[in-house]
Every structure is written in structure tokens, then in C-alpha cells.
Amino acid sequence: MSDENTNNCFKMSLPEGWTDRSIYIFDGPEAGGFKHNLTVVIDSSLEDDDLEAFAQERIDIMLNSTPGTELLKQEIKTRSNGQQACEAVIKWIPVDEKIVFQKKVFMIIDEVGYTFSANFSKQTIKTIGLEVERMIDSFQPNAE
């Protein structure tokens, strides 16, 4: 990794009834007709810490709300950083007729849910996808 991003840009007190639903987007290179990025969604209001249920709920939302989506793979595994995660690959064809492969990685760490998402072409899932894997493996919540 050439650069670290800690995203500790600010602190803010939230009154009762407000929930932090932070979303971070990291722009990547353009290749294979895709402008790549990695999106990280933080869900700090989990009602339980069941990783499979957390992942399945979010996968179902995408499959039910995006026409023509197909779940190609879903598995629980231990990532190279030692963190247990649910990984999914979803395929769909948006309006421009380019096949999109979306890789999703779900983790629950200290009762906080994290959803990582990145879109790829068939070619770039094997190239830029490796960079994204390394980025996710470097993830450290609450890093100082």
C-alpha cells in the first residue's frame, strides 16, 4: 500500500434518534470500460451480530431491487487479515449492456457492520480485484 487513509476527519455528537450511516467512496483507476471504486458502508446500529444474516439481508435487497441480477457466489471465509467475512459476487447487465460483476464483502467487528462493494468487468475482477482485496485486508476499524 502506498498511502494510508484513516478517515478520522472529524468528530460530531449525535443527539438521541440520530444514527451514523457513514459511507466512504474510494476512487480507483479506469480500465476495461469501468471507472472503479470501492465503497464502504458502516452500519453502527446492528440489532445482532449474525454475519450470515447481516450479509443475506443486504444481498437480498440488491437482488430484489436491481432487475436482472444473479448471485454467482456467496461464502463465509476467513480473510488473510484473520477477519471472518461473508463474500458475494453478483452479476448484472445495466442499461449500457456491459456485464458488471459486483464483489461484496461483509464483516461485523465489535458490533459494527461493514459492507465493502466494488464493480468490475470480467477482466478487471482478476486484476484490479486483487488491489481491492488487499485494500479490504488492510482495513482496521477505529485505527489511531
Side-chain angles (χ1 to χ4, degrees), residues 1-12 14 18-144:
M1 295 280 122
S2 61
D3 190 23
E4 283 192 18
N5 186 322
T6 59
N7 279 313
N8 292 323
C9 300
F10 62 87
K11 283 187 175 185
M12 182 169 47
L14 300 177
W18 289 77
T19 301
D20 180 358
R21 291 237 191 248
S22 297
I23 298 174
Y24 296 96
I25 301 171
F26 302 94
D27 285 331
E30 188 170 328
F34 285 83
K35 176 67 177 147
H36 293 85
N37 64 40
L38 173 64
T39 302
V40 183
V41 178
I42 301 170
D43 189 341
S44 58
S45 60
L46 295 182
E47 293 187 15
D48 93 40
D49 63 355
D50 182 330
L51 178 60
E52 287 186 73
F54 172 72
Q56 193 63 55
E57 178 182 358
R58 282 140 188 86
I59 291 167
D60 288 345
I61 288 170
M62 182 171 186
L63 295 175
N64 293 326
S65 65
T66 308
T69 54
E70 177 184 354
L71 180 62
L72 300 179
K73 172 182 141 181
Q74 181 177 350
E75 65 181 338
I76 301 288
K77 64 186 238 182
T78 302
R79 299 194 52 87
S80 67
N81 64 0
Q83 182 62 48
Q84 182 141 13
C86 179
E87 297 183 6
V89 176
I90 297 168
K91 173 184 164 185
W92 87 94
I93 303 173
V95 292
D96 62 2
E97 298 301 317
K98 290 182 182 177
I99 298 173
V100 175
F101 295 90
Q102 183 172 81
K103 179 141 190 195
K104 292 186 163 292
V105 176
F106 305 92
M107 291 187 239
I108 297 177
I109 303 170
D110 297 329
E111 299 177 4
V112 176
Y114 300 92
T115 302
F116 302 84
S117 300
N119 291 345
F120 304 98
S121 69
K122 187 174 184 176
Q123 293 76 29
T124 63
I125 199 166
K126 296 176 183 171
T127 56
I128 294 174
L130 297 175
E131 291 177 3
V132 170
E133 289 289 321
R134 288 191 295 270
M135 290 168 59
I136 295 169
D137 283 346
S138 73
F139 180 74
Q140 298 176 31
N142 302 317
E144 296 294 326

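This one's a predicted model, so the numbers in the text were calculated from it and none came from an experiment.
Every residue two or more places apart in sequence or in another chain was checked for a side chain to side chain donor-acceptor pair (under 3.5 Å) with T78, and none qualifies. A search for side chain to side chain donor-acceptor pair (under 3.5 Å) contacts involving S44 returns nothing, not counting sequence neighbours. Every residue was checked against the side chain to side chain donor-acceptor pair (under 3.5 Å) condition with K35, not counting sequence neighbours, and none meets it.
Between the side chains of S121 and T124, a donor-acceptor pair is found at a separation under 3.5 Å.
One distance of note links CD1 of I76 with CZ of F106; it measures 9.5 Å at 0.5 Å rounding. Between atom CD of residue Q83 and atom CD of residue Q140 there is a gap of 11.5 Å, rounded to the nearest 0.5 Å. From I59, atom CD1 reaches atom CD of E52 across 10.0 Å, with rounding to the nearest 0.5 Å. Distance OH/Y24 to CG/L38: 13.0 Å, rounded to 0.5 Å. Considering CD1 of I108 and CG of L51, their distance stands at 5.0 Å, rounded to 0.5 Å. One finds the OG1 atom of T115 at 7.5 Å from the CG atom of D43 (value rounded to the nearest 0.5 Å).
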Please report the C-alpha distance between I23 and T39 in whole Å, then the side-chain angles of each, then the deciding distance to 0.1 Å, and finally whether the side chain to side chain contact (heavy atoms under 4.5 Å, CB included) criterion is met.
CA-CA 7 Å; I23 298 174; T39 302; 3.8 Å; yes
K91 vs V100, test: side chain to side chain contact (heavy atoms under 4.5 Å, CB included). Steps then yes/no.
CA-CA 6 Å; K91 173 184 164 185; V100 175; over 6 Å; no
Steps toward side chain to side chain contact (heavy atoms under 4.5 Å, CB included) verdict (I90, L63):
CA-CA 8 Å; I90 297 168; L63 295 175; 4.3 Å; yes
Would F101 and L72 satisfy side chain to side chain contact (heavy atoms under 4.5 Å, CB included), going step by step from the backbone distance to the final call?
CA-CA 9 Å; F101 295 90; L72 300 179; 3.6 Å; yes
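For the side chain to side chain contact (heavy atoms under 4.5 Å, CB included) criterion with E87, the lone passing option out of M107, Q74, R79 is R79.
The shortest non-hydrogen separation linking L46 to G113 is CD1-N, 3.4 Å. I136 approaches N81 most closely through the heavy-atom pair O-ND2, 3.9 Å.
The ring-ring contact (aromatic ring centres under 6.0 Å, His included) contacts involving residues 119-141 comprise H36-F120, Y114-F139, F116-F139, where partners must be two or more places apart or lie in separate chains. Among pairs with a residue in residues 98-108, those fulfilling side chain to side chain donor-acceptor pair (under 3.5 Å) read Q102-K104, Q102-N119, K103-E133, K104-S117, at least two apart in sequence or across chains. Sequence neighbours left out, the pairs with a member in residues 60-72 that pass side chain to side chain donor-acceptor pair (under 3.5 Å) are Q56-D60.
Atom CD of E47 has 12 or fewer heavy atoms from other residues, nucleotides or ligands within 6.0 Å.
Taking 4.5 Å as the limit, some side-chain heavy atom of F26 sits within range of a side-chain heavy atom of V40.
N37 places no side-chain N or O within 3.5 Å of a backbone atom of D27 that could act as its donor or acceptor partner.
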